[in-house]
Amino acid sequence: MARIETPRPIRGTQDMIGETQARFAHVIAAFDRVRRLYGFQRVEVPVFEATAVFARSLGETTDVVAKEMYTFPDRGGDSLTLRPEFTAGIARAYLTEGWQQFAPLKIAASGPVFRYERPQKGRFRQFHQIDAEIIGAAEPLADVELLVFADQVLRELGVSDGVTLQLNTLGDAETRDAWRAALVEHFEAHRADLSEDSIDRLARNPLRILDSKDPRDRPAADSAPDIDAYLTPETADFFAKVTEGLDAAGVTWTRNARLVRGLDYYRHTAFEFVTERLGSQGTVLAGGRYDGLIEALGGPATPGVGWAAGIERLAMLIDVPLESPLTVIMAAEDDRAIQDGIRVLTALRRSGISAEMIATGSPRKRYDKATKVLAKVLVSIKHDGEKATFDLKSVPGTEEHQMVEAIIQSLGGQH
RNA sequence: GCAGCUGUAGCUCAGUUGGUUAGAGCGUCGGAUUGUGGCUCCGAAGGUCGGUUGUUCGAAUCAACCCAGCUGUACCA
């Protein structure tokens, strides 16, 4: 048979095993535990959608839509896109599945998302997010609950120390439009001083100039008008209620008047949990209120708030999760003892005791191999030609030792 | 996107100014020793030296291009 060249993994994808996988699983487990405490129900939504779901909702001019989407035609010629985020797909499901009947709806999801980008530390083409949304709740209390939820996830993961919550308001549609117009006017006046990127942003997405890191943009960005001057009394009050709620919950935050979101549908609250520890990939959890999104998808005006966090980035920040070690490792030191070993092994596992047996390779080396497994109880099995004998080695009085001993004895084993 | 670094056995890495058959440790497999033991010893398998093209009598080593990974930066979770 001709040797074929082994296909390469797709760039920016990951195969996880061992510690990497343990970290990944730990993040999801913590999310799932906390999510129940806050009454967020788990939902499953497709990994791909009609391209319009994302193109329409994210905003045609955002980077994600303009150049980072995995878009392809299916066999019928329809344009499909692998989800670059959760929110738009969930909003679509909310409309098409009649989830409006459950409003206000608190939901949690996790899974792979896809962006066509240059892979590097903490960034992949297929990466994974945990995601939380509240749909159909217009009140600031929803923002507060969502943020406190996020904060608790980070706390339970033990990463909240190096992480700060940055908070801003983008106002309502009216506020945002007025502010946007003022910003365009301001930046047009400084056009000559701006970086090429920001001149481009000026036409497409002027808010983004505010958080530009290009030093050429900083003077104009720093002198740009704050949104505060454009906030209506209602929007100012909304933001105040959010911050008061956070204070009541004891969640620390800092105002970042330059914080804007990359996607177009955000209103009111915008936030990011940021760490210094991941270099330029420092945003660890981000979100905001998206009161405009569901309308943009053709639905009725429906408020929503949500956030998403990159699982890989969180996984890099946490301590190594401790593995629950194997309880029993058995060494079949004689091939004639293998059947007896299988019987005990099965009985142990059926009793809820984790167990493995080493029965391959040189019989003389099996014990040494078993000692390297670091299980709580080591059982060696020998055979004298008549019957198998079991020998336990562990700390004698322990619960595990006694349970294993009892199971072996109940099967008529000797030791 | 931009910049820099790296790519040799399953893993971690040596490899001299270009020169015989490319090495080590760990792991795997076999054997010896031990016989209530995690030690020690012997042996074996395992390599298109990331890929292609070139320079040369001769390339893991030099050059060009490509691919991949890492680090930083932009943008993003």
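Chain A is the first sequence line, chain B the second, and so forth, proteins listed ahead of strands; every chain is numbered from 1. Keep in mind the model is a prediction, meaning the values are calculated, not measured.
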Residues in side-chain contact (heavy atoms from CB on, under 4.5 Å) with A:Gln41, at least two apart? A:Leu105, A:Ile107
Rounded to whole Å, please give me the gap between CD1 in A:Ile28 and P in B:A77. 19 Å
Ion pair present between A:Arg35 and A:Asp32, side-chain N to carboxylate O less than 4.0 angstrom? yes
Suppose you measure atom P in B:G23 against the same atom in B:A63; what distance do you get, rounded to whole Å? 25 Å
Taking the nucleotide of RNA chain B with the nearest heavy atom to each, does A:Leu285 or A:Tyr116 sit closer to the 5' end? A:Tyr116
Assess the residue pair A:Thr235 and A:Asp172 against the criterion (side-chain hydrogen bond (donor to acceptor under 3.5 Å, both in side chains)); give the C-alpha distance rounded to whole Å, side-chain angles, the decisive distance to 0.1 Å, and a yes or no. CA-CA 7 Å; A:Thr235 55; A:Asp172 54 17; 5.1 Å; no
Using a 3.5 Å cut-off and no angle test, enumerate the donor-acceptor pairs between side-chain atoms of residues 243-250 of chain A and protein atoms at least two apart in sequence or in another chain.
unit_1	atom_1	unit_2	atom_2	d
A:Thr243	OG1	A:Phe239	O	3.4
A:Thr243	OG1	A:Ala240	O	2.9
A:Asp247	OD1	A:Trp253	NE1	2.9

Could you tell me the separation between the CZ atom of A:Arg83 and the C1' atom of B:A77, rounded to a whole number of Å? 14 Å
What distance, rounded to whole Å, do you find between the two P atoms, one in B:A22 and one in B:C42? 23 Å
Integer angstrom distance from the C1' of B:C29 to that of B:G46: 11 Å
If you measure from the C1' atom in B:C11 to the same atom in B:G27, how many Å do you get, rounded? 7 Å
Within the structure shown, what part of the strands sits under 4.0 Å from A:Phe124 by heavy-atom distance: base, sugar-phosphate, or nothing? base
Does a donor on one side chain sit under 3.5 Å from an acceptor on the other, for A:Glu133 and A:Tyr290? yes
Can you tell me which residue among A:His128, A:Arg23, A:Gln129 is in a side-chain hydrogen bond (donor to acceptor under 3.5 Å, both in side chains) with A:Glu312? A:His128
Between B:G19 and B:C13, how far apart are the two C1' atoms, rounded to whole Å? 24 Å
Is it true that A:Glu49 and A:Arg83 have a side-chain N and a carboxylate O under 4.0 angstrom from each other? no
Over all strands shown, is A:Gly12 touching base, sugar-phosphate only, or nothing at heavy-atom distances under 4.0 angstrom? sugar-phosphate
Does A:Arg123 make a side-chain donor-acceptor contact with the base of B:C75, cut-off 3.5 Å? yes
Taking any heavy-atom pair under 4.0 Å as a contact, classify A:Glu117: base, sugar-phosphate, or nothing. base
Just say parallel, tilted or perpendicular for the rings of A:Tyr38 and A:Phe149, cut-offs at 30° and 60°. parallel
When the P atoms of B:U12 and B:A44 are considered, how many whole Å apart are they? 25 Å
Atom pair distance, as rounded to whole Å: CZ in A:Arg125 and C1' in B:C76: 14 Å
What is the separation between atom CG on A:Asp217 and atom C1' on B:A74, rounded to the nearest whole Å? 12 Å
Between C1' on B:A77 and CD on A:Gln126, what's the gap in Å once rounded to a whole number? 14 Å
Name all stems that contain residues of RNA chain B, defined as runs of 3 or more consecutive Watson-Crick or G-U wobble pairs, both distances under 3.5 Å. B:1-7 with B:67-73, B:10-13 with B:23-26, B:28-32 with B:40-44, B:50-54 with B:62-66
Side-chain H-bond candidate by donor/acceptor type, A:Ser198 with A:Asp217, under 3.5 Å: yes
Which parts of nucleotides 4-11 of chain B does protein reach within less than 4.0 Å, heavy atoms only, written one letter per nucleotide 5' to 3' as B for base, S for sugar-phosphate only and - for none? --------
In chain order, what residues pass the side-chain hydrogen bond (donor to acceptor under 3.5 Å, both in side chains) check against A:Asp335, with sequence neighbours excluded? A:Arg366
Has the side chain of A:Arg313 got a donor or acceptor that lies under 3.5 Å from a partner of the other kind on the base of B:C76? yes
May I ask you to decide whether A:Arg115 forms a salt bridge with A:Glu85, counting only side-chain N to carboxylate O separations under 4.0 Å? no
Report the distance from atom CD of A:Glu272 to atom P of B:A77, rounded to the nearest whole Å. 7 Å
Distance between the C1' atoms of B:A14 and B:U52, in whole angstroms? 27 Å
Over how many whole Å does the gap from A:Asp131 atom CG to B:A77 atom C1' extend? 11 Å
Shorter than 3.5 Å, N or O on both sides, protein versus nucleotides 32-39 of chain B: list them out with atom names.
unit_1	atom_1	unit_2	atom_2	d
B:A32	OP2	A:Arg364	NH1	3.4
B:G35	O6	A:Arg364	NE	3.4
B:G35	O6	A:Arg364	NH2	2.8
B:U36	O2	A:Asp391	OD2	3.3
B:U36	N3	A:Asp391	OD2	3.0
B:G37	N7	A:Tyr367	OH	2.8
B:G38	O4'	A:Thr371	OG1	3.0

Comparing A:Thr13 and A:Ile311 on RNA chain B - which has the more 5′ nearest nucleotide: A:Thr13
Is it the case that over 12 heavy atoms from other parts of the model lie below 6.0 angstrom from the CG atom of A:Leu322? no
Below 4.0 Å: OP1/OP2 of B:C29 and any side-chain N or O of A:Ser362: no
Tell me the interatomic distance from A:Gln120, atom CD, to B:U73, atom P, rounded to whole angstroms. 9 Å
Separation between the P atoms of B:C67 and B:A74, rounded to whole Å: 25 Å
Regarding A:Thr371 and A:Asp368, is there a side-chain donor-to-acceptor distance under 3.5 Å anywhere? no
